[in-house]
Amino acid sequence: MERLKKEKQGRTELMWWPSKECKKRAFVKSKKIYEEAGKNPIKFWENAAKELVWFKKWNKAFLFEPPHFKWFVGGKINISYNCLERNLEKRKDKIALIWEPEPINEKTRYLSYYELFREVNKFANALKELGVKKKDVVGIYMPMIPETIIAMLASARIGAIHTVVFSAFSPEALRIRLKETNAKVLITADGYYRKGSVINLKKYADEGVRKTDVEKVVVVKRIGKKLRLRRREHFFNELIEGQKEYCKPEAMNSEDILFILFTSGSTGKPKGVIHVCGGYTVQAYLTTKYIFNLLDDDIFWSTADIGWITGHTYSCYGPLLNGATFVLYEGALDYPKADRWQQMIKKHRVTVFYTAPTAIRMFEKEVAKVKEKLDSLKIIASVGEPINEEAWLWFFKEVGKERCPLLDTYWQTETGGILITSLPGVGPFKPTFAGLPFPGVKVSILDEKGNECKANEKGNLVVLPPFPPGMLRGIYKNEKKYRETYFSKFGNKIYFTSDIAYKDEKGLIRIVGRSDDVIKVAAHRLSTGELENIVEKDKRVSECAVVGIPDKIKGQVIAVFVVTKTKEKIKKEEINEILVKGIGKIAKPKFVFFVSELPKTRSGKIMRRILRNLLTKQPLGDISTLQNPRCVEEIKKVIS
Ligand code: PRX
């Protein structure tokens, strides 16, 4: 197979262009699309929307009432219909979903479009029987199994709103999300496998539903544990038995809520990001089509967990909207051996592989040279955090063998779908640069005063109207937070991403990192404020500060500085436990330090920058605003 074309820019910079083969397969072959879409982005997105099935066409494509906006106003649609029925005519027997369990002795499951359609319909009827109505909230606390996809599609089918909670989140984190949304039903599983161990999910779910409004719990038997159910609990398999194989999809208004997904902001409480039925469907559909370029012979594998936005858009809705076959994997990418991910690519002849820099760096650490040919691969892609040059080049050379376009895709929970990336048939592919904004997406990089930055000048990445249709429509029950977080820094007509970025001379965008207190641990988004709140709830703690510091594999790791109350004692292990209980294992800190004071400004704000710089041995920078400079010496001693 052909290699990509290499271009040397200057002395050290490299980039690649698509080969003839890549272009031949690509939906988008020329960069003209950017210009055309740029001239009339609304029309561009309307044309994409027309490729889907609408029960009623919209009468206004884009409506802007800053900071709110609507797309496809007056239109009626159902995403489950577009994922299922829309594919039945041509792809009834095509495999929609390949499910790979973690234990290697267990059988792979294959579900055709028709089988998925039937299961979704039966479960939709079952949900109705449980009393779930349009606009009710359904909590989904599930591992990576087919029933999770079925549950999401079934609730979307009947017009319920789903809120998926990452299965590795703690019961406490689950409870907060169920309470905030007043979820009526929770769908969970008896357990799942992770790195060879059984995770007893039902136990966590039991704890998590306590003191919430959940009236019914549905339990999928994944590991076959013997369980005695309470009155309000039902087994998934028993519920769908005897259900009718068809459930009429609800005709949803374009702007009705499809799902709420919680994410971390810079403050203490997680935010429920709202995505709606019309616009999200269109953006999930088109970005998957043009970026991952899924044709009928493709097998798409996105390794993201369903509990995150990448799981929603690219491990469920995007591939199904495109009639594609996708892989859903239950377990760890390095279990039972470090090369499990390679074995999966080989076994399923994966053609498009989408993963995160943290996984790429882990692969690289385990295998400097990839011996397998992995010759089924056509496109490789990365998401979730900046990808460093070394990891980029390793992924490109060792996994993609310099044949596959490497797409660094930038986006957020809030944007619903990818915003910035190179397209596989257009390129270029330049290490550490995400590329150009997707056609029909307008972004800019602004300095603090709101002026556009010049090439190579770092600034604030913003999105300009008309915002892409899949972007969030609000924060659940928190209008203030929506306005403050996204639409205050540069006024109510400009969406602020909280990311810092710059453009090169060609306009290719490189994401540098966040400008707020959000950190990325193994691509998982966490808020330092939220972690601090949890630690500070312990009565022995007077105050604490959390910072993210760079880590070779995980991108960032957590360091906690704790000030205890006079005479109180607390151990490092207890701080670990508090965070694992409050959020989950992903929040376990790498470092815990006990200090008697935190560096603060005169107005009392903790200067996390000082803690970060001390830990990473960087110059402290301007400390003239520091009101207690003596604490620096103590902290230096404690961390040394
Ligand atoms: O900081 C950016 C980083 O991840 C943030 C969004 O995180 P989350 O909502 O969890 O969504 C992740 C998956 C879409 C962004 O604000 N980020 C995401 N993709 C990239 C990235 N940073 C650099 N390069 C990327 N490709």
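Any value given below was found using the heavy atoms of this structure, including those in side chains, with hydrogens, waters and symmetry copies removed. Computed from a predicted structure; not experimentally measured. Counting starts at 1 for both ligands and their atoms, in listed order. Numbering starts at 1 and runs along the sequence shown.
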Quick test: of every protein heavy atom, which one is nearest to atom 4 (O) of ligand 1, and how far off is it to 0.1 Å?
K520 NZ, 2.9 Å

When the ring centroid of Y329 is compared with that of W99, is the distance short of 6.0 Å?
no

Would you call R361 and E385 a salt bridge, using N to O less than 4.0 angstrom?
yes

Does G384 have a heavy atom less than 4.0 Å from any atom of ligand 1?
yes

So if I apply the side-chain contact (heavy atoms from CB on, under 4.5 Å) rule between E100 and each of E330, M144, R340, which one comes out positive?
R340

Can you find a pair of side-chain heavy atoms, one from N460 and one from F496, that are under 4.5 Å apart?
yes

Indicate yes or no: does D504 engage R510 in a salt bridge with an N to O separation below 4.0 Å.
no

Ligand 1 contact on T409 by region, counting heavy-atom pairs under 4.0 Å
backbone

Students should be able to answer this: which protein heavy-atom is nearest to atom 13 (C) of ligand 1, and at what distance?
T310 OG1, 3.4 Å

Closest to atom 1 (O) of ligand 1 among protein heavy atoms sits D499 OD1, 2.7 Å

Closest heavy-atom approach to atom 23 (C) of ligand 1 among A304, P357, A356, P386 is made by P386

Kindly indicate whether a cation-pi arrangement holds for K430 with F433, taking the cut-offs as under 6.0 Å to the six-membered ring centre and within 45° of the axis.
yes

Show which atoms of ligand 1 fall inside a sub-4.0 Å distance from at least one heavy-atom site of W411.
6 (C), 14 (C), 15 (C), 18 (C), 19 (N)

Does a side-chain N-to-carboxylate-O contact under 4.0 Å join E102 and R194?
no

For R525, the ligand 1 atoms whose distance to one of its heavy atoms is below 4.0 Å:
6 (C), 7 (O), 8 (P), 9 (O), 10 (O)

Test: E7 and K506 ion pair at under 4.0 Å:
yes

Report the member of E385, H524, Q412 with the shortest heavy-atom distance to atom 21 (C) of ligand 1.
E385

For ligand 1, find out whether one of its N or O atoms is nearer than 3.5 Å to an N or O atom of S382.
no

Can you tell which of T497, T413, L407 gets a heavy atom nearest to atom 11 (O) of ligand 1?
T413

At less than 4.0 angstrom from any non-hydrogen atom of R514, what atoms of ligand 1 do you find?
1 (O), 15 (C), 16 (O)

Electrostatic pair E532:R608 at N-O distance under 4.0 angstrom
yes

Note: ligand 1 atoms sitting under 4.0 Å from heavy atoms of V383 are 13 (C), 14 (C)

Below 3.5 Å, N or O to N or O, backbone or side chain included: is there any such pair between E414 and ligand 1?
no

Does the pair R25/D298 count as a salt bridge with the N-to-O cut at 4.0 Å?
yes

What I want to know is whether A523 and ligand 1 share at least one N or O pair that is separated by under 3.5 angstrom.
no

